[in-house]
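Down below is the structure, laid out as structure tokens.
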Amino acid sequence: FTTEGLTVPTCNLTISGNKTTGKCLVSGWCPVEPEKPKLSQLLGLENITIFFRSSIKYKQFDNTYLSDPVNPIKGRNLWKLNEILGDLTLQQCIKSGCLIQVQIDWSCNFNNGHENCVPKTTFLTSPGGFNYRKIRYYDQNNRLLEKLYGVRFLVSVFGRAGRFSFFEMAIKIGAGLAYFAVATLVVDYFIFMVYRKNNYFISKKYATFARVDDKL
């Protein structure tokens with residue numbers, strides 16, 4: 001079995017030593033797909049605009065919902081195709097197709113207010129092209145095979161948000177002080193168990209005072 005169809009046992013082969021040359025019949029559709037298909041180009045593709053509208057919700061901040069406006073804004077959610085392609089040319093996309101990753105970052109600082117949070121969009125071109133085949137069957141013996149090339153977008157939306165909180169700061173400071181207290185106890189216990197017979201350590205650790213009776 002080959003990509004063109006099923007090989008039938010009708011071959012004209014020539015065997016010369018360990019090398020076999022010749023041709024075999026294939027049961028498949030004719031003609032086979034050409035290696036260099038004819039491409040039809042739509043004029044003005046570089047000037048078409050593409051609109052991406054995204055949204056995100058932060059459950060940790062009272063289910064704050066952020067979304068792009070309904071109206072397109074150039075440079076925020078509206079771009080021309082030649083701006084998205086970057087280093088690629090439109091001619092390359094026509095020949096082999098293009099695969100583009102669209103990364104929309106909604107990282108926000110809520111100390112400045114929700115309305116000031118604007119997404120940042122990055123376009124990354126992936127190696128390799130994009131194409132797919134489309135078949136139309138007219139009857140049992142006739143079909144139309146089309147190989148279509150185009151631009152495929154893989155969109156990912158992500159983000160991180162933060163906001164200053166006095167309550168959280170107090171908890172962190174209290175936890176840090178508690179760690180210092182526990183660390184002091186653990187170190188003292190460890191030193192005492194190791195050097196408990198060391199008179200020098202005992203003399204430095206504990207101060208001994210003799211009792212003096214004052215006589216009036």
Side-chain angles (χ1 to χ4, degrees), residues 37 39-135 146-187:
L39 300 176
S40 60
Q41 178 180 353
L42 297 177
L43 298 178
L45 284 179
E46 64 278 359
N47 293 322
I48 67 172
T49 55
I50 301 177
F51 173 54
F52 295 98
R53 189 185 181 197
S54 61
S55 61
I56 194 170
K57 178 185 288 187
Y58 291 105
K59 296 182 179 180
Q60 297 86 348
F61 298 97
D62 302 326
N63 288 327
T64 300
Y65 178 78
L66 303 175
S67 176
D68 267 330
V70 178
N71 298 325
I73 301 176
K74 186 177 181 180
R76 172 173 172 173
N77 52 22
L78 183 68
W79 293 270
K80 289 184 178 181
L81 182 58
N82 58 353
E83 297 174 344
I84 295 176
L85 293 180
D87 297 334
L88 294 178
T89 62
L90 187 60
Q91 194 65 25
Q92 289 176 301
C93 291
I94 293 174
K95 290 182 178 180
S96 59
C98 295
L99 190 62
I100 300 177
Q101 299 181 28
V102 184
Q103 299 179 351
I104 303 177
D105 186 3
W106 277 93
S107 295
C108 304
N109 182 3
F110 284 164
N111 293 320
N112 300 326
H114 300 167
E115 62 279 357
N116 296 324
C117 186
V118 178
K120 297 179 182 179
T121 305
T122 306
F123 300 99
L124 302 175
T125 55
S126 300
F130 170 71
N131 63 78
Y132 65 96
R133 291 165 177 80
K134 183 179 180 181
I135 303 177
E146 296 176 303
K147 188 175 183 180
L148 306 178
Y149 298 88
V151 180
R152 184 179 184 183
F153 296 99
L154 303 177
V155 182
S156 61
V157 180
F158 58 93
R160 297 181 63 184
R163 181 173 57 196
F164 179 76
S165 173
F166 286 101
F167 179 73
E168 293 291 336
M169 182 184 68
I171 292 179
K172 299 296 183 181
I173 294 176
L177 295 176
Y179 285 135
F180 280 118
V182 172
T184 303
L185 295 176
V186 172
V187 172

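- Note that NZ of Lys80 is 12.5 Å distant from CD1 of Ile50, once rounded to the nearest 0.5 Å.
- Pro119 pairs in a side chain to side chain contact (heavy atoms under 4.5 Å, CB included) with only one of the listed residues (Asp68, Asp105, Ile56), which is Asp68.
- Considering SG of Cys93 and CG of Leu99, their distance stands at 10.0 Å, rounded to 0.5 Å.
- Side-chain contact of Ser54 with Trp106: a donor-acceptor pair under 3.5 Å is present, judged by distance alone.
- The structure places CG of Leu66 at 11.0 Å from NZ of Lys57, a figure rounded to the nearest 0.5 Å.
- Nearest approach of Cys108 to Phe110, heavy atoms of both residues: CB-CE2, 3.6 Å.
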### Working for side-chain contact (heavy atoms from CB on, under 4.5 Å), residues Phe153 and Val151
CA-CA 7 Å; Phe153 296 99; Val151 180; 3.6 Å; yes
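- Exactly one of Thr121, Leu78, Val155 qualifies for a side chain to side chain contact (heavy atoms under 4.5 Å, CB included) with Phe52. That residue is Val155.
- Atom-to-atom distance recorded for Ile84:CD1 and Ile100:CD1 is 6.5 Å, nearest 0.5 angstrom.
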### Task
Given side-chain contact (heavy atoms from CB on, under 4.5 Å), test Phe123 with Val102 step by step and report yes or no.
CA-CA 5 Å; Phe123 300 99; Val102 184; 3.8 Å; yes
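- Summarising the geometry, atom CD belonging to Gln103 is positioned 6.0 Å from atom OG1 belonging to Thr122; distances are rounded to the nearest 0.5 Å.
- Across all their heavy atoms, Gly97 and Tyr149 have their closest contact at N-CD2, 3.9 Å.
- Contact record, Asn77 with Ile73: OD1-N, 2.7 Å, taken as the closest heavy-atom pair.
- For the atom pair OH of Tyr58 and SG of Cys117, the computed distance is 6.0 Å after rounding to the nearest 0.5 Å.
- Counting non-hydrogen atoms of other residues, nucleotides and ligands closer than 6.0 Å to CZ of Arg76 gives a total above 12.
- Within a 6.0 Å sphere centred on OH of Tyr132, heavy atoms belonging to other residues, nucleotides or ligands number 12 at most.
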